[in-house]
Amino acid sequence: GNLIVEQDVSFNSGLFVTGDVSFNNDLHISGNLIVEQDVSFNSGLFVTGDVSFNDRLHVGKDVDISGDLVVQRDLLVQRDVSFNKSLTISGNLTVFGATTFNTLDISGSVTFDNNVDISGNLLVHGDVSLNSGLFVTTDVSFNNDLHISGNLIVEQDVSFNSGLFVTGDVSFNNDLHISGNLIVEQ
């Protein structure tokens with residue numbers, strides 16, 4: 001039959017129950033709770049101290065972390081990641097695949113080991129050094145002096161819309177046609 005106790009009950013040794021146990025109010029345990037099988041909580045779990053999991057933690061829905069998240073080893077994410085504020089990386093960043101930036105500000109040196117394609121304008125505020133050839137397929141405009149320390153080789157006609165001043169010798173290896181006056185001074 002049933003055992004009905006109207007007051008407190010004390011067991012000074014173990015309590016062994018072979019069937020289900022139901023508590024219809026709070027359960028206070030002053031020692032450790034050791035469970036040999038799975039545990040199911042059908043409502044919230046609130047823990048005021050640290051929690052340690054010595055194996056994997058599987059979460060079926062969202063995780064909300066109100067404080068810092070510290071990961072001691074690699075972080076592997078199978079899908080997209082969104083950062084709604086700044087991202088600081090103190091080591092190297094390696095990206096495989098296409099990367100899109102709305103604005104990219106770099107305060108240090110940049111090295112590209114392959115081609116760089118720019119669809120818009122390239123605006124440079126300092127000097128530009130090209131350690132190999134420069135190939136341009138359309139017009140080039142220089143709005144100030146052009147200094148060439150080597151030879152200037154032009155494959156097609158040359159037009160000077162103002163004066164031509166030469167400080168050294170000039171050689172013409174073919175005919176010279178002058179449509180105006182030739183004035184020679186010594």
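In what follows, every heavy atom counts, from backbone to side chain, and hydrogens, waters and symmetry copies are set aside.
- Residue H125 holds its NE2 atom at 4.0 Å from CG of L123, rounded to the nearest 0.5 Å.
- In the hydrophobic cluster analysis, where Ile, Leu, Val, Met, Phe, Trp and Tyr join through side-chain heavy atoms closer than 4.5 angstrom, L104 is grouped together with V124.
- The shortest non-hydrogen separation linking D8 to V5 is O-CG1, 4.4 Å.
- Of all non-hydrogen atoms in T138 and V136, the two that sit nearest each other are O-CG1, 3.2 Å.
- The OG1 atom of T18 lies 9.5 Å from the CG atom of D20; values are rounded to the nearest 0.5 Å.
- Taking hydrophobic clusters as Ile, Leu, Val, Met, Phe, Trp and Tyr residues chained together by side-chain heavy-atom distances below 4.5 Å, L146 shares a cluster with L164.
- Cluster annotation: F46 is not connected to F41 through the hydrophobic network of ILVMFWY side chains, with a link wherever side-chain heavy atoms come within less than 4.5 Å.
- Considering every non-hydrogen atom in both R73 and V71, the closest pair reads O-CG1, 3.1 Å.
- Placement of L122 and F101 within a single hydrophobic cluster is found when ILVMFWY residues are connected by side-chain heavy-atom separations under 4.5 Å, directly or transitively.
- Linking Ile, Leu, Val, Met, Phe, Trp and Tyr whenever their side-chain heavy atoms come within less than 4.5 Å leaves V70 and V51 in two separate clusters.
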